[in-house]
Amino acid sequence: MRQSTLFGRTLREAPAEAQTVSHQLVLRAALARPLATGLYTLLPLGYRVARKIEQIVRDEIDRIGGQEMKIPIIIPAEYMQETGRWDALEPNAFRTKDHSGRDYMIPYTHEELFTHHARNEVVSYRQLPLIAYHFQAKGRDEERSRGGLLRVREFVMKDSYSYDLDAAGMEKAYRAHFEAYVRIYRRLGIRAHAVESDTGAMGGDVAHEFQVLTDEGEDTLVFCTTCDYKANLERATRRLPEPAPAVGVPAREQIETPGLTTIEQLQRSLGLPASAFLKTLLLRTSDGKVIAVVLPGDRELNHAKLRKRLGGRAFAFASDADFAASRTVPGFVGPIVPSGGLIVDASVEPRGYVAGANVKDRHVKNLLPGRDLPSFERLDVHDVHDGDACPSCGGRLAAHRGVEVGNIFKFGTYYSDKMHATYLAEDGTRKPMYMCSYGIGIGRNLQTIIIENHDDKGIVWPISVAPFEVHVIALPMNDDAVRAAAEGLVADLESRGIEVLYDDRNDSAGVKFADADLIGIPFRVAVSRRSLGSASVELKARAATELELVPKDVAAERIVGIVHRAREAARFS
RNA sequence: CGGGGUGUAGCGCAGCUUGGUAGCGCGCAGCGUUCGGGACGCUGAGGUCCCGGGUUCGAGUCCCGGCACCCCGACCA
């Protein structure tokens, strides 16, 4: 490929919209261009990388028996209606109608569609197990896309789906995918950690996310510093300290707290730590109930956990009318039992607390949960903090930021039941298929590879996904001998199956070297007047600092050998 | 959807306070000189100053209303 004809220009300066390094590099290296919020066009360089990522994913999913197919990018509503996800609010979906008014969606995931085909094609136990997958665009009308390709509204995902006879078969398929993902990330050159995750809008119960640790990430994760416990904050729990037995807590009594509506104000005024207080949140659920949630003053409500405990119902803060109906006052809410019930977080201890009195400018002290609280449900709905105790071993938990580069969900018969995906078993009975689904976002992985593989000059692509393998630079282009030598080398390398980007532009050495560093092709070969003076070319690995002079006559041979070794190392690393 | 910020040439920005011929750097085109780490000279092209309305003799600048984008919070590959 001649660089002079490459579609897409590198940028000296990053557009102001790009705030993170990886986003800036995606734009500066001419990998992608924004088309609208959360919509990106992949330029030829970026598309070459995306195809290589896809090929690695394909290779590994095929290896565990996956069969690639393709479901349309736009689907009729009826399949999503079968599971109720047509009406689900999260995530926001792109919807449209056809000429006759029929509803369609650009689906945000394809469980229903694969399951539909599975129930039609699979009639007998003899046809299971099955793994099918495709690479297809997903539509998610995110309210806020950000970070370049990390979070967009339309993206290609490899999503695979396994269908099995029973739970044991499903476990096997899940484990096979887990191991395939480990191999995929290793080949992509990123360090992904499998963490326990919440299943969110996907349904089902067990799930893992593959997370790459980086400050550019938007997920919060907690890892145990002692054992291998790793979990998304949305799911993470902690070992609660042994509560001290409550003895001699005096009877509760009201205290005057004029204008003190926040824990912070109360702390300052009463000189007590945040943990000495209880805070009560009044929430309205999507089915119209009002619930109260009691947490220690030093803990935050974990929305994902609460939502799961509520059976997936959404919730929002209560309205003024809800406060009035529940006979309490904003800022002075204490434990009460509204229409939807009272939930007390598991970390609330059996000791005396200060809590709201449900009366303006009043709190109560010496409120002892077991003694003074009305009937309640005790659930774990609080956020875990950095430094908390590991639920598994009691060690210290540490918080990290991460990018989710893939996930795997174990659904069991969740979708099969709703969609009547059954098979005829050996004993003549009809049984539901056991299902899992597994996703990897291609664009997000592309940018995450950059996060993990760059320096202050640009990208340092792993050879497994690099847009080209060798970057040949002619210096200067107007020297006939240089040009002839460079073009001879390029032709030689290409004829031996090496992917070469040839910088034939009539630019200065500085421009060419800077662009080579920016684009980050693994091996750079400079053919110059100077190098030809010693009948050689200069070879430099992007990741290395040292140069090597290679005799011109054996250059192609040597470079082919080096590239082949690098390819092999990347495949089996 | 809440809070903050920004919209001026392909990119980065100044000009707006105090209304009066739209600027700078990079990039781009032509010619010449250069040629190993973002070269130099000369010449040149390129703008509905986000959109709409208002005030004014006159609006990039002031006022009102939209829209878009970015960042921070609630949701997910």
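Chain A is the first sequence line, chain B the second, and so forth, proteins listed ahead of strands; every chain is numbered from 1.
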Where do N or O atoms of nucleotides 23-28 of chain B meet protein N or O atoms at under 3.5 Å, pair by pair?
residue	atom	partner	partner atom	Å
B/rG25	N2	A/Glu13	OE1	3.3
B/rG27	OP1	A/Arg12	NH2	3.2
B/rG27	O2'	A/Arg9	NH1	2.9

If I pick the C1' atom on B/rG7 and the same atom on B/rG15, what distance separates them, to the nearest angstrom? 15 Å
Please name the pair of heavy atoms, one in A/Pro467 and one in A/Arg48, separated by the smallest distance, quoted to 0.1 Å. O-NE, 2.7 Å
Identify which nucleotide among B/rC70, B/rA77, B/rA39 has an atom closest to any side-chain atom of A/Glu17, counting heavy atoms from C-beta outward. B/rC70
Could you give all pairs that pass the salt bridge (Lys or Arg N to Asp or Glu O under 4.0 Å) test and reach residues 3-28 of chain A, with sequence neighbours left out? none
pair A/Leu31-A/Ile459: side-chain heavy atoms closer than 4.5 Å: yes
For A/His134, all residues meeting ring pair (Phe, Tyr, Trp, His ring centres under 6.0 Å), sequence neighbours excluded: A/His110, A/Phe114
Determine the Euclidean distance between corresponding C1' atoms of B/rU17 and B/rC62; express it in Å to zero decimal places. 11 Å
Can you tell which of B/rG38, B/rA77, B/rA74 lies closest to the side chain of A/Val152? B/rA77
Residue A/Arg444, side-chain heavy atoms: nucleotide from B/rC72, B/rA74, B/rC76 that is nearest: B/rC76
For A/His23, enumerate each residue passing the ring pair (Phe, Tyr, Trp, His ring centres under 6.0 Å) test, keeping only those at least two apart in sequence or located in another chain. none
Report the nucleotide, chosen from B/rA77, B/rC70, B/rC76, that has the shortest atom-to-atom distance to any side-chain atom of A/Met157. B/rA77
Specify the residues of residues 522-546 of chain A, ordered by number, for which at least one heavy atom lies under 4.0 angstrom from an atom of RNA chain B. A/Arg524, A/Ser528, A/Arg530, A/Ser531, A/Glu538
Side-chain touch A/Leu475/A/Ser531, heavy atoms, less than 4.5 angstrom: no
Go through the structure and list residues passing side-chain contact (heavy atoms from CB on, under 4.5 Å) with A/Val156, not counting sequence neighbours. A/Glu54, A/Phe135, A/Ile442
Pick the C1' atom in B/rG52 and in B/rC67, then give their distance to the nearest Å. 10 Å
What nucleotide, of B/rA77, B/rC70, B/rC72, holds the atom closest to the side chain of A/Arg140? B/rA77
Nearest-Å distance once atom P is located in both B/rU56 and B/rC50: 23 Å
If you measure from the ring centre of A/Phe513 to the centre of the six-membered ring in the base of B/rG36, is it under 5.5 Å, with the planes under 30° apart? no
Over 60° means perpendicular and under 30° means parallel, so tell me whether A/Tyr415 and A/Phe411 are parallel, tilted or perpendicular. perpendicular
Mind checking whether A/His208 and A/Tyr174 have parallel, tilted or perpendicular rings, split at 30° and 60°? tilted
Of the options B/rG38, B/rA77, B/rG36, whose atoms approach the side-chain atoms of A/Val511 most closely? B/rG38
Does the base of B/rC76 carry an N or O that pairs as donor and acceptor with the side chain of A/Asp219 under 3.5 Å? yes
Using the P atom as the point on both nucleotides, what is the distance between B/rU8 and B/rG36, in whole Å? 39 Å
Go through the N and O atoms of the side chain of A/Arg151 and the base of B/rC75, and report whether any donor-acceptor pair is under 3.5 Å. yes
